[in-house]
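Beneath this line is the structure, given in structure tokens, with notes to follow.
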Amino acid sequence: MPPYDHRAIEEKWQRYWREHQVFRSEIDPSKPKFYVLDMFPYPSGAGLHVGHPKGYIATDIYSRYKRMRGFNVLHPMGWDAFGLPAEQYAIETGTHPRETTKKNIDVFRRQFQSLGNDYDWAREIDTTDPGYVRWTQWIFRKLYERGLAYLAEVPVNWCPALGTVLANEEVVDGKSERGGHPVVRLPMRQWMLRITAYADRLLEDLNLVDWPDPIKKMQRDWIGRSEGARIFFEVAGWPNERIEVFTTRPDTLFGATYMVLAPEHPLVEKVTVADRRSAVEAYVQEVAIRSERARIAEVGEKTGVFTGAYAVHPVTQASLPIWIADYVVATYGTGAIMAVPAHDIRDFAFARKFHLPIVEVVSGGDISKAAYIGEGVNVNSDFLDGLPTPQAKQRMGEWLEQHGKGEQTVTYKLRDWLFSRQRYWGEPFPVLHLEDGTTKLVPESDLPVLLPELEDFRPSGEFEPPLARVRNWLEVTDPDTKQKALRDANTMPQWAGSCWYYLRFCDPHNAQEAWSRDAERYWMPVDLYVGGAEHAVLHLLYSRFWHKVLFDLGLVHTPEPFQKLLNPGMILGHSYRYFDTNLSDDPEVTPKVFPSSAVRFENNTPLDKVKGEELKARWVPSQEVRWGEDGIAYHPTIDGLVLEEVTEKMSKSRGNVVNPDDIIVEYGTDSMRLYEMFMGPLEKGAPWSTESIPGVSRFLQRAYRLIAGDREDTDGPTSLVDGPGTLEQARLTARTIQGVTTDIEDMGLNTAISKLMVFVRDIARDAPLPRASAEAFLLLLAPFAPHLAEELWVRIGNQPSIANQSWPTYDQALVVGEEITIPIQVNGKLRSKILVPADSSKDEILQLAQKDEKLAEWLRGTTPRKVIYVEKKLVNFVV
RNA sequence: GCGAGAGUGGCGGAACUGGCAGACGCGCGAGACUUAGGAUCUCGUGGGAGACCGUGGGGGUUCAAGUCCCCCCUCUCGCACCA
């Protein structure tokens, strides 16, 4: 039996924790609580790769630490299990998403459990479970009752060839990602959530939470509050119509020389004059087909057409031509603008292209060359002339309100949340659409509304969601009115379940309520929330929104759900690529191949350096790479083809995925945990390197030998020297406790580990290991390598479990030594060092410094012009 | 284009509010022990023969700059004409 048998030890302690329910958390008013939460995963078919556990390990270390500090810790795990991939798989294979989901969850659970984390598995939740769906629908009812859920006609991506509605990410260049079929935008009746009603509070309350600044900024920008004015323009010849525009620069109103409507604007059809109609319609068509991405690619290149209609300037009564152009977006502001080419870059470019007049109204720039968007003094502006920009804004705002031509207002970039998906695998809406055209909620007692069984998951080809085909589910009779009614064929998006799971974790088995008041009062808010920065905006904004609604209903007691937030950096993999000419992936052809040295890139497209021909990148799975003696990577079968090493996100398609199962079998989960934390700061990404694991593994083996001894009969208790040991040993122990403690508090887990390494290296160098040091060390090690720490804790004669022991303390006096080293500089360059008693005064230190021999050589023949002394840190002679 | 973050040995990374650059680990080199080892232990390891030079490049502030200020370069990640 090898001295440190990680497999036996890890199995033994995972069993112990499970059987003794060591991590079971219950409400205990006598203890302070601490709620640590990981963003729960979507259980994909691919299983975990080594990148996933990074954040989970960090929270595990922190929650174990908090438990040892006397907190009652809640650290749960569950599954965000609705989602597209399972449905996609059902379409391809006919396997019910429920089965796929169950299978995937089983794999994930096993992998998670092999990490040895301190999750309270009794609290596991699954968003697809009817007992969970019920409460998701219950929250929807609350939103609906508050008037925050409404129906609207919203365009979706409809692909006639596939006969299905596609998500934005499934549409590439106006074509379906699979198959490359054309996609059109068609309006469909869908659920919206009025998140905009909470825009101000979502913005304001960011001040209440302890989140990374970049994340807060992203949320602020996403909400995008801007102050300005709404201005009304009459339309010549249409006395009952007016165009409303929003502008942040009402002071430039006198510079407006034309109007632009978004092509989708409702007035377009109405006001367009007869002989412009065909041109306008053609343009509207063209814009509808052009994908988001194509539009983005052409930013700067302005297009548009004139409608033939004119608006009336609210002050001067001048006629302003009305154009349509896709640089005005329908969903922001009012979908219409007044164009002020002299003072807006986009309007300027447009006016130049279509020869529209440009009138300067704010001085300070040269509008013959470019738009001037800065502030200045108004000119050509009637009653605003001579006013600086802020006053001009104010004055115009007042004028508009006095004359009923507009109002001062605030607009948000944030839009209402499109809350329905044309999918099967999601929560059904708990509503009935009655014969008489009204919509009503399914009563609370009838929840959950469950999905009907479906045999065939393939799209019907009709313009409708899959649930619309299940007539016996869809068609019901309203019990109250006896009217015929239809259920809603849409389902909720994946966000729904993840918007409130943190509340369910507080009280996961409650069948009467979504959560009890007591549980919520005790556990909330989440004290530490850890998960990927990719959720910086959507998930975090959506769940904050729901939380605030629940707060207004008195169902939760904190305005914000997540107090502190951390984003772990991504672990990257090494992939190996080359290029070939087989653009269409035809298996019949033998393509020409190119190493990266023969390739150049143009707009991210790889081209043959010599001929300029387009190429396609290919990846060789890292296990198949053939390594030359020169250390160069070669293609496994194509002779002499050099592969380029690229560091990028781990994914199946790049063949660079490392499975944690393999690492755990070989080195143990304690080693993997330690390595992932030792790689660098939590927030930073870093490339994975299996070759570095033996380093931390060796450290664990040294720790094992240090405490369990080198003997073969490894089962008996170890003998240690009683008491605190030598002064040096007591010092090192105290310093290690102090250092590791502050590092964990700051989430500096990599430096905490390096301090543990130094301890093991030095503690028994000159004297046998004292019991006090050994125990302190094991307590410090316990959050990082919990299995080994448990094992050694028992081996030195203690009772399990170390997870419930108190965190070690230290004597402050031992941390500061008797002597300190003071570096001596001459002109800022290190020339010598002196050792002085720790309590030396400034004068004593300076005297000792001046007597130093090495220094004397550097000071020979000169007298110091100045001496800089930094309290017990440094002396610098300036000569 | 806009915004955010980052550039330190061969590699991952340390360095608290400006104060000994390179902790700890990988890799590499030398030695010890061993029947053997992806074993263990010890020592060394930024460059240069050298006074010296070194934290992406250039300037500056300071007794002192990886850290502060200005300009530039590169990479990564978000966002998408937001009126």
Side-chain angles (χ1 to χ4, degrees), chain A residues 2-3 212-215 217-218 221-222 224-226 228 245-249 252 260 292-293 295-302 325-329 331-340 343-347 349-350 373 411-415 533-534 536-537 567 569-570 572 647-649 666-667 674-675 678-681 683-699 701-702 705 710 742 746 748 750-758 761 821-833 864-871 873-879:
Chain A
D213 286 335
I215 302 288
K217 189 177 178 338
M218 279 161 82
D221 291 351
W222 190 265
R225 184 192 150 93
S226 63
V245 304
F246 173 77
T247 176
T248 54
R249 295 294 300 272
T252 63
V260 185
E292 288 273 303
R293 209 175 278 198
R295 284 172 67 160
I296 291 160
E298 292 152 17
V299 166
E301 188 51 45
K302 297 280 178 285
D326 69 350
Y327 83 90
V328 174
V329 293
T331 47
Y332 181 73
T334 60
I337 61 157
M338 64 174 200
V340 183
H343 305 289
D344 181 280
I345 292 163
R346 294 151 305 181
D347 297 344
F350 192 83
I373 57 168
T411 300
Y412 298 92
K413 201 163 88 181
L414 181 70
R415 307 172 198 167
E534 64 273 20
V537 178
N567 305 119
M570 209 180 304
L572 307 169
T647 307
E648 56 194 348
K649 204 158 137 177
E666 190 149 18
Y667 298 98
L674 226 45
Y675 170 64
F678 192 60
M679 286 172 82
E683 295 90 333
K684 235 184 114 178
W688 176 265
S689 121
T690 303
E691 309 83 67
S692 296
I693 296 185
V696 288
S697 197
R698 271 200 283 275
F699 157 68
Q701 288 175 39
R702 275 196 287 265
R705 276 200 308 276
D710 234 341
T742 54
D746 299 341
N750 53 333
T751 51
I753 293 167
S754 84
K755 286 173 179 110
L756 294 172
M757 287 172 166
V758 171
R761 186 189 64 193
T821 306
I822 303 281
I824 310 296
Q825 299 181 334
V826 176
N827 288 341
K829 290 200 170 118
L830 180 70
R831 295 306 182 196
S832 180
K833 290 180 186 182
R865 201 150 48 83
K866 198 172 165 190
V867 182
I868 310 282
Y869 171 75
V870 181
E871 182 70 14
K873 274 260 179 67
L874 164 138
V875 178
N876 185 14
F877 292 92
V878 185
V879 298

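Throughout, protein chains are lettered first and strands after them, A, B, ... in sequence-line order, and every chain is numbered starting at 1.
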Distance, rounded to the nearest Å, where A:Tyr332 contributes OH and B:rC82 contributes C1' | 4 Å

Determine the interplanar angle of the A:Tyr332 and A:Phe246 rings, folded into 0 to 90°, and report it as parallel if under 30°, tilted if 30 to 60°, perpendicular if over 60°.
-> perpendicular

Every stem of 3 or more Watson-Crick or G-U pairs under 3.5 Å that RNA chain B joins, in order of first number, is B:1-7 with B:73-79, B:10-12 with B:24-26, B:27-32 with B:40-45, B:56-60 with B:68-72

Do we get A:Lys302 above A:Tyr327's six-membered ring, with its NZ or CZ under 6.0 Å from the centre and within 45° of the axis?
-> yes

Write down the distance separating the C1' atoms in B:rU74 and B:rC28, rounded off to the nearest Å.
-> 29 Å

Does A:Asp344 or A:Lys866 map to a spot on RNA chain B nearer the 5' end, using the closest nucleotide for each?
-> A:Lys866

Is there a donor on the side chain of A:Lys302 or the base of B:rC81 sitting less than 3.5 Å from an acceptor on the other?
-> yes

Does the B:rG12 base have a donor-acceptor partner in the side chain of A:Glu691 within less than 3.5 Å?
-> no

Touch check for A:Pro687, heavy atoms < 4.0 angstrom, all strands: base, sugar-phosphate only, or nothing?
-> nothing

For the side chain of A:Tyr869 and the base of B:rG19, is some donor closer than 3.5 Å to an acceptor across the two?
-> no

Looking for any heavy atom pair under 4.0 Å, which part of the strands does A:Lys833 touch: base, sugar-phosphate only, or nothing?
-> base

Atom of A:Phe699, atom of A:Leu756 and distance for their closest heavy-atom approach | CE1-O, 3.6 Å

Check: B:rC79 base within 3.5 Å donor-acceptor of A:Asp221 side chain = no

